[in-house]
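Since the structure comes first, as C-alpha cells, the remarks are kept for the end.
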Amino acid sequence: MSEKRTELSRLGEFGLIDRIQQQFSLQNETSLKGIGDDAAVISSGEESIVVSTDMLLEGVHFDLSYMPLQHLGYKAVAVNVSDIAAMNAKPEQIVISLGISNRFSLEAVDALYEGIRAACDSYKVDLVGGDTSSSVSGLIISITAIGRVAKDKVVERNGAKANDIICVTGDLGAAYVGLQVLEREKQVFLTNPEMQPDLEKYEYLVGRQLKPEARMDIVHDLAERNCVPTSMIDISDGLASELLHLSKNSKLGVKIFEDKVPIDHDTFETAIEFKIDPITCVLNGGEDYELLFTITPTDYEKLKNHPDIHFIGHMHENANQNVMITKQQTLVPITAQGWNHFKVE
Ligand code: ADP
Ligand code: MG
C-alpha cells in the first residue's frame, strides 16, 4: 500500500465520475450507453431501455425541518423521472432503496410513501421493488427508474450539431431562490420559535424547491410535434453546468443570450431582495428539473409556438468558447461547475 492520499476535492464530483468511467469498458452488446449521460441505454429489440439512479441524503439534499415527508417522496421520484425524460423516454418502473432509523415512525414512512404513490400515479410508473435497511446517518432514499423509448428516438447529450438551436423549458432559478427563502425562514425560526414563517409571498418559489415536476409533458409534446431533439439533458445542477455537459459531449461551443433566458417575476424580485444577481441563480443554482435541449434549425417551426419552450441561443464550431451575451451586450464565459459536493467550504 502506498502512502499517497489524494483529496476527492481535487477531482470534484464530475472529475471522479470521469475517472470511474475511464476504468470501465462495456462488455455486452446490449449495453449501448454506459456512464456519462442522464441514463444508461440498454438494447431491447426495437426499443431501448433507459436506466437512471439518484440518491437523496438527509442533510445533503434535503432538510426535514422544512421538507414535508410527502413532498420528499414525490420529489425523490420526480428527479429520477426527470433523468428518464432527458433521454426522451417514458418511465415505466422504479425501485426504491430506503435507509431509515428508528427516529422515524410508521406514520412518517406512510407520509413518505404517500408522496411516492402520488408521483407514481402522476407519472404512471410502477413501484416494483427495492431494499430497506437501518441507517445511522439520517434518512437515505435511493431510487432507480427504468424507462423505454423507440431505438431511433433516444436522445443523448452528444448529438448536437453546429447551428442547432438551444432550448429550455419553463423558467429557471426559482428552486434555488426558493431554497434561500426556506433557509432564511429556518434561521428566523431557530432564533425565535414564536415567529411563524411568512411564506405566502414566496409560494411559487418554495413550491419549485419542495415540489419539482419532471417535464414528461414536454417529452409528449415533442413526440406529438414529431420533433426529436439532437441532444438533451435535465437541468438539475444549474444551467451553466448543463450547457457545459452538452458542449463537452457534442464537442461544440454554446452561445446563449441573457435576455432570452426565462426567469419568473418572483424569482427575479426575490433574488434582488437577497442581493443575488437573478442570472447567477439560473446559471449556478440548481434543482429546476427543466429540460435543456438542442434542435436542428429546420425543427424550429414545429416548436416556435409552444408556450413553455424558450430559444436561448445556439451551438457553434468552437468547442472552447462557451459564452453568454449579457443584456449589456458584453460577452462572458460560461464556467460554472454546478454543485460540487466535494468542495472544501
Ligand atoms: P445526473 O445529474 O443526470 O443524475 P450524474 O452527474 O449524477 O447525472 O451522473 C453522470 C453519469 O455518471 C451518469 O451516467 C451516472 O450513471 C454516472 N455515475 C454517477 N456516479 C457514478 C458512480 N459512483 N459509479 C458509476 N457511475 C456513476
Ligand atoms: Mg440528469
Side-chain angles (χ1 to χ4, degrees), residues 6 8-9 11-28 30-42 48-57 60-62 75-91 94-97 123 140-147 149 154-160 167-170 172 175-176 212-216 218-219 229 231-250 283-294 336-343:
T6 309
L8 286 176
S9 57
L11 285 90
E13 181 188 349
F14 297 142
L16 178 62
I17 294 174
D18 282 349
R19 190 182 151 89
I20 297 170
Q21 182 178 15
Q22 283 157 19
Q23 290 167 344
F24 288 82
S25 54
L26 302 174
Q27 306 181 54
N28 292 293
T30 47
S31 304
L32 297 180
K33 174 105 197 190
I35 297 171
D37 219 295
D38 292 288
V41 184
I42 298 163
S48 286
I49 304 290
V50 296
V51 182
S52 177
T53 194
D54 248 308
M55 179 161 56
L56 296 184
L57 300 179
V60 179
H61 300 98
F62 58 88
K75 182 169 178 173
V77 178
V79 303
N80 275 279
V81 169
S82 180
D83 276 322
I84 301 296
M87 304 302 290
N88 202 32
K90 179 179 169 293
I94 54 167
V95 291
I96 302 187
S97 296
Y123 298 117
I140 302 167
I141 308 166
S142 174
I143 300 190
T144 299
I146 299 157
V149 55
V154 179
V155 180
E156 299 181 359
R157 293 176 178 178
N158 61 10
C167 314
V168 293
T169 62
L172 301 175
Y176 177 78
E213 289 284 1
R215 298 306 305 261
M216 279 312 299
I218 297 290
V219 175
S231 68
M232 182 149 63
I233 185 168
D234 70 326
I235 307 179
S236 52
D237 292 341
L239 182 62
S241 166
E242 316 302 4
L243 284 167
L244 294 178
H245 280 310
L246 292 191
S247 154
K248 183 178 170 196
N249 284 280
S250 299
L283 291 170
N284 299 337
E287 302 199 285
D288 288 315
Y289 297 104
E290 295 293 340
L291 292 172
L292 166 67
F293 57 93
T294 54
Q337 283 291 302
W339 298 116
N340 186 343
H341 301 300
F342 305 125
K343 194 174 68 194

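Read the numbers this way: they start at 1 and go in the same order the structure lists the ligands and their atoms.
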Taking atom 14 (O) of ligand 1 as the point of reference, which of A39, A40, G36, A86 owns the nearest heavy atom?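 Nearest heavy atom to atom 14 (O) of ligand 1 lies in G36.
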In terms of atom number and element, which parts of ligand 1 are under 4.0 angstrom from non-hydrogen atoms of [X]?
X	answer
R157	3 (O), 8 (O)
D38	3 (O)
D54	4 (O)
S236	2 (O)

Could you check whether T53 and T144, counting side-chain N and O atoms only, form a donor-acceptor pair closer than 3.5 Å? yes
Side chains of T294 and S231: donor-acceptor distance under 3.5 Å anywhere?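 Yes, side-chain donor-acceptor contact under 3.5 Å.
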Can you tell me if, anywhere in D83, an N/O/S atom lies at a distance from the Mg ion (ligand 2) that is smaller than 2.8 Å? yes
For the atom pair CG (L57) and CD1 (I140), what is the distance rounded to the nearest 0.5 Å?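 Between atom CG of L57 and atom CD1 of I140 there are 5.5 Å.
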Nearest-0.5 Å distance, CD1 of residue I233 to CZ of residue F293: 13.5 Å
Where does I35 meet ligand 1, judged by heavy-atom distances below 4.0 Å: at the side chain, the backbone, both, or neither? both
Side chain, backbone, both or neither: which applies to D37 and ligand 1 if a contact is any heavy-atom pair less than 4.0 Å apart?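 Backbone only.
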The Mg ion (ligand 2): angle it makes with OD1 (D234) and OD1 (D38), nearest 10 degrees: 90°
Using distance alone, decide if ligand 1 has a nitrogen or oxygen within less than 3.5 Å of any nitrogen or oxygen in E13. no
With a 4.0 Å cut-off on heavy atoms, does K33 reach ligand 1?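 False for this residue.
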Would you call R157 and E242 a salt bridge, taking side-chain N to carboxylate O under 4.0 Å as the test? no
Could you tell me whether D38 and K33 make a salt bridge, using a distance below 4.0 angstrom between a side-chain N and a carboxylate O? no
Is there a protein heavy atom less than 4.0 Å away from atom 16 (O) of ligand 1?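 Under the 4.0 Å cut-off, atom 16 (O) of ligand 1 has no protein heavy-atom neighbours at all.
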